[in-house]
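Here's the structure, in structure tokens; my notes come after.
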Amino acid sequence: SSCMKIAIFHNLKPGGGLNLINSLTNSFKKKGYKIDIFSHQKVKLKNSKNHFPFPIDEPASSFDHLIKATFTLKKSQRNISKLIIQKKYDYIFIFPCNVTQAPHILRFLPKEKTFYFFLEPKREFYEKTSFDYYTPKRFLSRLIRYLEKIIDQINCKACTHIISSSIFSQTNLNKIYKKNSVVIYPGMKPIKPKQITVKNNHKFLSFGLLTMLKGHHISAQIIPKISIYGQKSHENIQRYLPRNITIKTDVKEKDIKNIYKKHTFFLANQINEPFGLTTLEATSNNCYVFGKNEGGTPEIIKDGFNGTLISTDNIPKAQKIIEKFNKKKTITFKKTCIIDWDYTVDQILQYINNV
């Protein structure tokens with residue numbers, strides 16, 4: 001593949017999705033692929049020189065959101081698609097847009113070499129996604145932007161090849177958009193179970209963006225002395241936590257490994273998490289995971305092997321289960337998967353070459 005060229009389009013803010021693109025890009029480059037990134041975000045990915053920004057300002061209101069979703073983004077993405085077509089890439093990878101979810105660009109690109117990486121639907125239209133979900137303000141906002149639900153549907157249905165990040169995502173895609181896809185887990189490689197023993201330091205961690213969906217408030221109900229790490233969001237999560245909990249928001253990329261290593265246990269209580277890169281990172285850094293038995297979490301956490309699946313409907317029961325583990329001096333478990341992005345890239349290449 002001496003000079004194979006891949007175009008990547010995304011409109012994602014910093015977080016799991018962007019980390020995913022970053023890791024994939026690095027692995028593709030190692031294999032000798034040339035990657036160009038097109039985005040409305042000005043943030044350049046680490047070590048990606050070929051970045052083509054088409055900046056669009058953050059929407060200022062619900063109406064502005066709707067205008068951008070309907071016209072501004074569509075026009076800009078039509079222009080980006082012309083440039084991508086003109087540059088003759090071997091493959092085109094499309095990632096979500098933080099405004100419309102499935103981006104308009106899916107409609108303007110050659111179907112046979114375009115691949116949409118599906119992580120989740122436009123969730124706020126299908127489930128409760130924030131603490132203030134039922135407030136008049138939020139309700140009105142969704143009503144004004146109802147057209148965005150339809151735009152996401154149309155854009156998603158326009159593509160032929162879709163890669164889902166988990167079986168849970170694949171099922172959702174089929175249910176909501178009536179589309180089929182192939183599942184390729186981001187960064188996860190199954191291994192022959194390997195026994196690990198760690199010293200129990202009785203420290204519990206919850207990690208991820210500070211929103212309702214990440215379930216920190218559920219983790220804090222179960223373990224009142226939990227450490228919470230994550231980036232701030234527009235949601236005031238502090239209101240839903242016990243008073244004495246401190247949240248660490250200044251997480252640096254280089255410290256992440258050590259944060260996991262400082263804790264024996266990880267609580268993965270994300271609500272309907274499509275996959276959960278933090279959960280994968282936790283197990284690969286030898287944390288024992290207590291995971292909510294829903295979403296993509298059970299696809300990473302094998303109950304009784306590398307963690308325990310709990311139901312958070314019954315907090316006292318969850319606490320009992322965790323307390324039993326926490327009494328032990330050492331924690332022994334079997335590692336069932338590792339992080340290996342090259343393995344993911346091999347799977348993607350195998351799929352896209354055989355399509």
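Within the cation-pi definition used here (under 6.0 Å to the ring centroid, within 45° of the axis), Lys302 does not qualify as a partner of Phe333. In this structure, Lys113 fails the cation-pi test against Tyr91, since its NZ or CZ atom is not both closer than 6.0 Å to the six-membered ring centre and inside 45 degrees of the ring normal.
Formation of a donor-acceptor pair under 3.5 Å by the Tyr146 side chain with backbone atoms of Phe125 is not found in this model. Looking only at distances, no side-chain donor or acceptor of Ser166 sits under 3.5 Å from a matching main-chain atom of Phe275. Looking only at distances, a side-chain donor or acceptor of Glu294 sits under 3.5 Å from a matching main-chain atom of Asn272. Under a 3.5 Å cut-off, the side chain of Gln101 and the backbone N or O of Glu120 do form a donor-acceptor pair. Not one N or O on the side chain of Lys292 forms a donor-acceptor pair closer than 3.5 Å with the backbone of Ala268.
Note on Ile163 and Ile105: separate hydrophobic clusters, where clusters join Ile, Leu, Val, Met, Phe, Trp and Tyr whose side-chain heavy atoms are under 4.5 Å apart, directly or indirectly.
The heavy-atom pair separating Arg123 from Ile271 by the smallest distance is NH2-O, 2.6 Å. Here the closest non-hydrogen pair linking Pro186 and Thr344 is C-OG1, 4.0 Å. Counting all heavy atoms, side chain and backbone alike, Tyr177 lies closest to Lys157 at O-CE, 3.2 Å. Shown here for Ala220 and Leu241, the closest heavy-atom pair between the two residues is CB-CD2, 3.7 Å.
Side-chain polar atoms of Lys257 and Asn285 form no donor-acceptor pair below 3.5 angstrom. A donor-acceptor pair shorter than 3.5 Å cannot be found between the side chains of Ser311 and Asn293.
Ring-plane geometry between Phe95 and Phe117 is classed as parallel, the angle between the planes falling under 30 degrees on a 0 to 90 degree scale with a further cut at 60. Ring geometry for Tyr351 against Phe115 counts as perpendicular: the plane angle is over 60°, on a 0 to 90° scale with 30° as the lower cut. Ring geometry for Phe131 versus His217: interplanar angle over 60°, hence perpendicular rather than tilted (30 to 60°).
Separation of atoms NZ (Lys75) and NE2 (His104) is listed at 13.5 Å; rounding is to 0.5 Å.
Under the 4.0 Å criterion applied to side-chain N and carboxylate O atoms, Lys189 and Asp342 are not assigned as salt-bridge partners. The pair Glu58-Lys13 counts as a salt bridge, with a side-chain nitrogen and a carboxylate oxygen less than 4.0 angstrom apart.
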